[in-house]
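Report on the following structure.
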Amino acid sequence: MRAIFFQFAVLAAMCGSVASAASPAALEAEIKRRAEQKKAAEASRPAQKADIIVPDQEKAREVAETVYNTWRLSMIRGNEQAWRASTCRSRQMKVRNLIVSQRGQFPRDFFRYTQEAPNLDNFVFVGALLGCNGNTLSCTYVGKLQLGDGKPRENAYVLELVLEQGKWKLDQTRFFDLSQLPDVRKRLYAKDLEILKEQDGFMPYDAIPAVPLACRAPELIGKVFVDCPGRNIEMTINGVSVHEFDDERRADIISGGLKRGQNTITYKIKDRPGLKRPAMAIGLFVAPETPGNTGVCVFDHILDAQDSSNGGSFTFFISNDHIASMNPKFKGKKPEPYHAVPLKKKTK
């Protein structure tokens, strides 16, 4: 498990993606495995949320599309004022922190590198739901979505909005590959609103997202890599960078980065009902900034399938040797990462 984890995680720390760490066939198999697990878990899902409201569909659609189209055009045109007017405060701060944490300039670099968002004219409207006493709105569409250079695939596309000072603002968009979920796809095209209340990814938020603290420029650019099949993990790094991982493999930029000397991490691990829970891993990395250098792991939590843990709070230290070891010409002994769980000794 440890060797496999570091094979993926080092690539994630260097490239920001694990896509290059596996063949297309392996990725397809992983997508299928996760889809089958989630499909099997649907029968054990909790009852529908009591505070979900089904609004007037055409009015809700008009509101969501007006906000979304304003937001989309603001990014195409690089219009910061229009973007701020259509984007909720928590998302504005998250975007700002993400760019600052990579030594970028906000908002300049946001508009310079943002890809064009999908045009809703290419999708079929499914339905909308209200949550949080009418203060959050989700609007779901279905259609073919092209990601990067890949072929267009059937996806659900979800807009998540929140009500701020009497005005609707976009928080984020979500997309879900439907290629392995034919029953879900069929119900979405049939505009079955009940499925929107059964699947967490289609639901509006339970609460207005909190506005995170503004982070400082990082001393060291950091990334967190998590592979947590069958689990949900809520995490805070250095008291500033907040993350949530849900039955997935993902790498995130650490808001505010890491620093030489003392760093902290706190997280809670919860099992996802109805899903299998094989081995899991968490790793924190200092990302390379000098060409030719490689990322270095400074913290890990690696568990076999039979182990159990609900997380904890840990303090770990980053030394000058950690940083020096990122250079391929480093001749000393490479420091070990802090192990949240002692590594098991190899048996002969």
Do the side chain of T264 and the main chain of T315 share a donor and acceptor less than 3.5 angstrom apart?
no
Output yes when a side-chain donor or acceptor of N119 lies under 3.5 Å from a complementary backbone atom of D121, and no otherwise.
yes
I want to check something: taking the side chain as every heavy atom from C-beta on, are E234 and V242 in contact at a cut-off of under 4.5 Å?
no
Is there a path of hydrophobic side-chain contacts, each under 4.5 Å between heavy atoms of I/L/V/M/F/W/Y residues, joining F330 to I323?
no
Sequence neighbours left out, what pairs pass ring-ring contact (aromatic ring centres under 6.0 Å, His included) with at least one residue falling in residues 245-276?
Y267-H301, Y267-F314
Do you reckon I269 sits in the same ILVMFWY cluster as V341, going by side-chain contacts under 4.5 Å, direct or chained?
yes
Nearest heavy-atom pair of V142 and E154: which atoms, and what distance?
CG2-OE2, 4.5 Å
Ionic contact status for D252 with K223, cut-off 4.0 Å
no
Membership question, hydrophobic clusters at under 4.5 Å side-chain separation (ILVMFWY): are I221 and M235 in the same one?
no
Restricting to pairs with a member in residues 81-99, which pass salt bridge (Lys or Arg N to Asp or Glu O under 4.0 Å), not counting sequence neighbours?
E80-R84, R89-E164, R91-D171
Quick one: closest heavy-atom pair of A279 and P229, and the distance?
O-CG, 3.5 Å
Indicate whether any N or O donor in one side chain lies under 3.5 Å from an N or O acceptor in the other, for D321 and S319.
no
Please step through side chain to side chain contact (heavy atoms under 4.5 Å, CB included) for the pair R277 and R231, ending with a clear verdict.
CA-CA 7 Å; R277 48 184 304 281; R231 302 170 179 86; 3.3 Å; yes
So, do R153 and N155 sit near enough that their side-chain heavy atoms are less than 4.5 Å apart?
yes
Just by distance, do the side chain of D192 and the backbone of L188 share a donor-acceptor pair under 3.5 Å?
no
hydrophobic_cluster_shared for L98 and V224, side chain cutoff 4.5 Å
no
Are the side chain of S241 and the backbone N or O of I254 linked by a donor-acceptor pair below 3.5 Å?
no
Look at the side chain of N327 and the backbone N and O of K329, then say whether any donor-acceptor pair between them is shorter than 3.5 Å.
yes
Within the structure provided, determine whether D300 and P337 are in side-chain contact (heavy-atom separation under 4.5 Å).
yes
Residues E289 and R103 bridged, charged N to O under 4.0 Å
yes
If you count the non-hydrogen atoms of other residues, nucleotides and ligands that lie under 6.0 Å from CG in N133, is the total more than 12?
no
Rounded to the nearest 0.5 Å, what separates atom CD1 in I265 from atom CD1 in I237?
4.5 Å
Using the rule that two of Ile, Leu, Val, Met, Phe, Trp, Tyr join whenever any of their side-chain heavy atoms come within less than 4.5 Å, decide whether F317 and F285 are in one cluster.
no
Could you check whether any side-chain heavy atom of V162 comes within less than 4.5 Å of a side-chain heavy atom of N135, counting everything from C-beta outward?
no
Donor-acceptor under 3.5 Å (D246 side chain, C228 main chain):
no
Set out, in order, the CA-CA distance, both residues' side-chain angles and the distance that settles salt bridge (Lys or Arg N to Asp or Glu O under 4.0 Å) for R72 and E116, then state yes or no.
CA-CA 7 Å; R72 178 175 177 270; E116 183 174 330; 2.8 Å; yes
Side chains of S313 and T266, donor plus acceptor under 3.5 Å:
yes
Scan residues 153-200 for pairs that pass ring-ring contact (aromatic ring centres under 6.0 Å, His included), counting only residues two or more places apart or in two chains.
F123-Y157, F176-F202
Counting only N and O atoms by type, is there a donor-acceptor contact under 3.5 Å from the side chain of R174 to the main-chain atoms of G201?
yes
Rounded to the nearest 0.5 Å, how far does CG of L163 lie from NZ of K169?
9.5 Å
More than 12 heavy atoms of other residues, nucleotides or ligands under 6.0 Å from CZ of R77: yes or no?
no
Might you point out which heavy atoms bring A117 and Y68 nearest each other, and give the distance in Å?
CB-OH, 3.6 Å
With a 4.5 Å heavy-atom cut-off, do L170 and S86 have their side chains touching?
no
Of the non-hydrogen atoms in T236 and V240, which two are nearest, and what is the gap between them?
CG2-N, 4.0 Å
I'd like to check L73 versus N79 (side-chain heavy atoms, cut-off strictly below 4.5 Å). Are they in contact?
no
Looking at every heavy atom in both P118 and L145, which two are closest together, and how far apart are they?
CG-CD1, 3.5 Å
Between the CD1 atom in I282 and the CD1 atom in I302, the distance rounded to the nearest 0.5 Å is 10.0 Å
Between S101 (side chain) and G256 (backbone), is there a donor-acceptor pair under 3.5 Å?
yes
Residues N238 and N263: side-chain donor-acceptor under 3.5 angstrom
yes
For the side chain of R61 and the backbone of C139, is there at least one donor-acceptor N/O pair under 3.5 Å apart?
no
Distance check, rounded to the nearest 0.5 Å: E194 atom CD versus Q199 atom CD?
12.0 Å
Is a side-chain donor or acceptor of D247 paired with a backbone partner of G230 at a separation under 3.5 angstrom?
yes
Are L120 and Y141 packed together at the side-chain level, in the sense that at least one heavy-atom pair is separated by less than 4.5 angstrom?
yes
Should the ring pair F110 and W83 be called parallel, tilted or perpendicular, given that the plane angle runs from 0 to 90° and is split at 30 and 60?
tilted
Of all heavy-atom pairs between C132 and A207, which one has the smallest distance, and what is that distance?
SG-CA, 3.8 Å
Inter-residue atom distance I52.CD1 - K197.NZ, 0.5 Å rounding:
8.5 Å
Could you walk me through whether M280 and I233 pass the side chain to side chain contact (heavy atoms under 4.5 Å, CB included) check?
CA-CA 11 Å; M280 64 151 279; I233 299 177; 4.0 Å; yes
Is atom CD of E62 surrounded by more than 12 heavy atoms (other residues, nucleotides or ligands) closer than 6.0 Å?
no
CZ of R216: more than 12 outside heavy atoms within 6.0 angstrom?
no
Using the rule given for side chain to side chain contact (heavy atoms under 4.5 Å, CB included), can you reason through L258 versus F316, listing the C-alpha separation, both sets of side-chain angles and the distance that settles it, and then say yes or no?
CA-CA 11 Å; L258 297 168; F316 62 99; 4.2 Å; yes
First locate atom CG of L275, then atom CG of D271, and finally report the distance between them rounded to the nearest 0.5 Å.
9.5 Å
Yes or no on side chain to side chain contact (heavy atoms under 4.5 Å, CB included) for V296 and K334, after CA distance, side-chain angles and deciding distance?
CA-CA 9 Å; V296 60; K334 192 167 185 176; 4.0 Å; yes
4.5 Å side-chain heavy-atom contact, L284 and C297:
no
